[in-house]
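Throughout, a chain's letter reflects where its sequence line sits, starting with A, and its residues are numbered from 1. Note that the structure is a prediction, hence the values are computed from the model and not measured. Note that these values count all heavy atoms, side chains included, but never hydrogens, waters or copies made by symmetry.
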Protein chains: 2
Amino acid sequence: MAADPLSRVFSALADPTRRDIVARLAVADATVNELAAPYDVTVQAVSKHLRVLEDAGLVSRTREAQRRPVHLEATVFDLVTKWIERYRREAEERYRRLDDVLRSMPDDPPQKEGTPS
Amino acid sequence: MAADPLSRVFSALADPTRRDIVARLAVADATVNELAAPYDVTVQAVSKHLRVLEDAGLVSRTREAQRRPVHLEATVFDLVTKWIERYRREAEERYRRLDDVLRSMPDDPPQKEGTPS
DNA sequence: CTCCCTGTCAACCGAAAGGTTGAGTAAGAG
DNA sequence: CTCTTACTCAACCTTTCGGTTGACAGGGAG
C-alpha cells in the first residue's frame, strides 16, 4: 500500500467517485448500499473505495446491527491544507522578493519573454 | 489521462517525489537535471514526473537557451483548498447541528457538557 | 430453523502508473 | 562543422488500481 499518510490522502481524493462519496458523507452518514446506489458500479467496488478512504483516515466505519454506517473524519483534511499552505506561502513570499529585486533594478533586465499569455 | 482538473492535481500530489519537487520549486526555479540530482532515479523519470505536474497545471516550463527552467504555479493549489474547505465546513456545521440536537434532548444525554446557557 | 439483506473477501482482468534503457532533438561551445 | 549538454520520445516491464464475478459471514425477520 501507499507509504506515507499524505500520499494516502492525496491518492484517496484523486478519484472522482471517492470525492463524491466524501461530499455526500459531509452531509450525512450513510451505509455502503446507500452510498453505492447512485453509481453505476457494484457494491463491492464502492466497498473497495471506502477501504481506500478508511486507510487514508478520511472515513470510519462502526458496526451497528448488520449495518455499517460510514462516517466522515474531516480532521484529516488538515494534513492536506497544512502541506499546501506551507508551500503556497513560500512561493508567494519568493514571488514578493522577486518583485523587490526587479523593482530595485532600473537597468535593462536581461530576461526574455516569459509565458505568451 | 485523468479526466477532471481536480483529479489531476490530487493525483499529481499523491506521489512523494513529486511533492518533494513542488517543495523545492517553491524555493526557486530549477532545471530538470538540477531537480533530478537528489533522487535515485533517471532523469527521464523526473521528466515524466514534471509532465504529470505540468498536466495538472502545477508547473510550467519555459525554454531558455537549451535549458528548460521549471516554475511552480501556486495558484492551482486553490482548486484543492477550495474543494476541501467546502466539505470540511459542511462536515463541521453538521457536527455543530448534531450537538444542538443532542443538547435539546433532555432524555439521557451521555454528554458531559456543563450548563449550556 | 430458513430466508434475506448487508457487507466483505478472493481471484481475476484490463488499463494506467512509475520505472528502465535506448534513440532522437535542440541549442550553445569548440 | 562537430561535439557536448540538456532534455524528450518511444518501447518495454512490472506493479498498482478500479472494476468485475462468485462465494461467504453475520444478523434480523418469517
Side-chain angles (χ1 to χ4, degrees), chain A residues 1-22 24-25 28-56 58-71 110-114 116, chain B residues 1-22 24-25 28-56 58-71:
Chain A
M1 313 295 171
D4 56 303
L6 204 44
S7 293
R8 275 197 292 266
V9 177
F10 273 120
S11 192
L13 295 177
D15 184 274
T17 302
R18 284 196 292 261
R19 279 201 309 278
D20 195 62
I21 289 176
V22 167
R24 292 166 58 203
L25 287 176
D29 291 2
T31 67
V32 178
N33 274 306
E34 288 167 358
L35 288 172
Y39 311 123
D40 207 18
V41 297
T42 60
V43 173
Q44 288 95 319
V46 174
S47 186
K48 275 194 182 183
H49 280 311
L50 288 173
R51 206 161 105 70
V52 173
L53 290 169
E54 194 178 24
D55 287 346
L58 280 160
V59 137
S60 66
R61 284 183 266 184
T62 59
R63 175 141 227 140
E64 173 190 291
Q66 76 270 46
R67 281 174 189 76
R68 288 167 187 70
V70 184
H71 177 73
Q111 66 176 23
K112 278 207 59 159
E113 287 304 313
Chain B
M1 313 292 173
D4 57 303
L6 203 45
S7 293
R8 275 198 292 267
V9 177
F10 273 120
S11 191
L13 295 177
D15 184 275
T17 303
R18 285 196 292 261
R19 280 202 308 279
D20 195 61
I21 289 176
V22 167
R24 291 167 59 203
L25 287 176
D29 291 2
T31 67
V32 178
N33 274 306
E34 288 167 357
L35 288 172
Y39 311 122
D40 207 18
V41 297
T42 61
V43 174
Q44 288 95 318
V46 174
S47 186
K48 275 193 182 184
H49 280 311
L50 289 173
R51 207 162 108 69
V52 174
L53 290 169
E54 194 178 24
D55 287 347
L58 280 161
V59 138
S60 65
R61 285 184 266 185
T62 59
R63 173 137 228 143
E64 174 190 292
Q66 75 270 47
R67 281 175 188 77
R68 287 166 187 73
V70 183
H71 178 73

Residues 33-41 of chain B side chain polar contacts: donor-acceptor under 3.5 Å, at least two apart:
| unit_1 | atom_1 | unit_2 | atom_2 | d |
| --- | --- | --- | --- | --- |
| Glu34(B) | OE1 | Thr31(B) | N | 3.0 |
| Tyr39(B) | OH | Asp20(B) | OD2 | 2.6 |
| Tyr39(B) | OH | Arg24(B) | NH1 | 3.0 |

Expressed as a whole number of angstroms, how long is the span from [X]:[atom1] to [N]:[atom2]?
{"X": "Leu50(A)", "N": "dG19(D)", "atom1": "CG", "atom2": "C1'", "value": "15 Å"}
{"X": "Arg51(A)", "N": "dG19(D)", "atom1": "CZ", "atom2": "P", "value": "15 Å"}
{"X": "Leu53(B)", "N": "dT8(D)", "atom1": "CG", "atom2": "P", "value": "12 Å"}
{"X": "Tyr39(A)", "N": "dG18(D)", "atom1": "OH", "atom2": "P", "value": "14 Å"}
{"X": "Asp55(B)", "N": "dG18(C)", "atom1": "CG", "atom2": "P", "value": "12 Å"}
{"X": "Phe10(A)", "N": "dG18(C)", "atom1": "CZ", "atom2": "C1'", "value": "19 Å"}
{"X": "Arg61(B)", "N": "dC7(D)", "atom1": "CZ", "atom2": "P", "value": "10 Å"}
{"X": "Glu34(B)", "N": "dA6(D)", "atom1": "CD", "atom2": "C1'", "value": "11 Å"}

Report, one pair per line, the protein and nucleotides 19-23 of chain C atoms (nitrogen or oxygen only) whose separation is under 3.5 Å.
| unit_1 | atom_1 | unit_2 | atom_2 | d |
| --- | --- | --- | --- | --- |
| dG19(C) | OP2 | His49(B) | NE2 | 2.4 |
| dG19(C) | N7 | Lys48(B) | NZ | 3.1 |
| dG19(C) | O6 | Lys48(B) | NZ | 2.4 |
| dT20(C) | OP2 | Thr42(B) | N | 3.0 |
| dT20(C) | OP2 | Thr42(B) | OG1 | 2.8 |
| dG22(C) | O6 | Gln44(B) | NE2 | 2.9 |

ask   = Can you check whether Arg68(A) reaches Leu50(A) side chain to side chain, under 4.5 Å on heavy atoms?
value =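 The answer is no, as the side chains (C-beta and beyond) never meet within the 4.5 Å cut-off.
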
When you measure from the side-chain N and O atoms of [X] to the phosphate of [N], is any distance below 4.0 Å, counting only OP1 and OP2?
{"X": "Ser47(A)", "N": "dT8(C)", "answer": "yes"}
{"X": "Asn33(A)", "N": "dC5(C)", "answer": "no"}
{"X": "Arg68(B)", "N": "dA27(C)", "answer": "no"}

inquiry  = The criterion is side-chain hydrogen bond (donor to acceptor under 3.5 Å, both in side chains); which residues satisfy it with Thr17(B), sequence neighbours excluded?
reply    =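 With sequence neighbours excluded, Thr17(B) shows a side-chain hydrogen bond (donor to acceptor under 3.5 Å, both in side chains) to no residue whatsoever.
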
task = Just jot down the side-chain hydrogen bond (donor to acceptor under 3.5 Å, both in side chains) partners of Gln44(B), sequence neighbours excluded, or say none.
result =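 Residues passing side-chain hydrogen bond (donor to acceptor under 3.5 Å, both in side chains) with Gln44(B): none at all.
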
query = Residues two or more places apart in sequence or in another chain: which of them pass side-chain contact (heavy atoms from CB on, under 4.5 Å) with Val52(B)?
reply =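 Counting only residues at least two positions away or on another chain, Val52(B) forms a side-chain contact (heavy atoms from CB on, under 4.5 Å) with Ala12(B), Arg18(B).
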
task = Compare every heavy atom of Ile21(A) with every heavy atom of His49(A), then report the nearest pair and how far apart it is.
result =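 Heavy atoms only, the tightest pair is CB-CD1, 4.2 Å.
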
key: For Asp15(B), salt bridge (Lys or Arg N to Asp or Glu O under 4.0 Å) partners two or more places apart   =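 None.
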
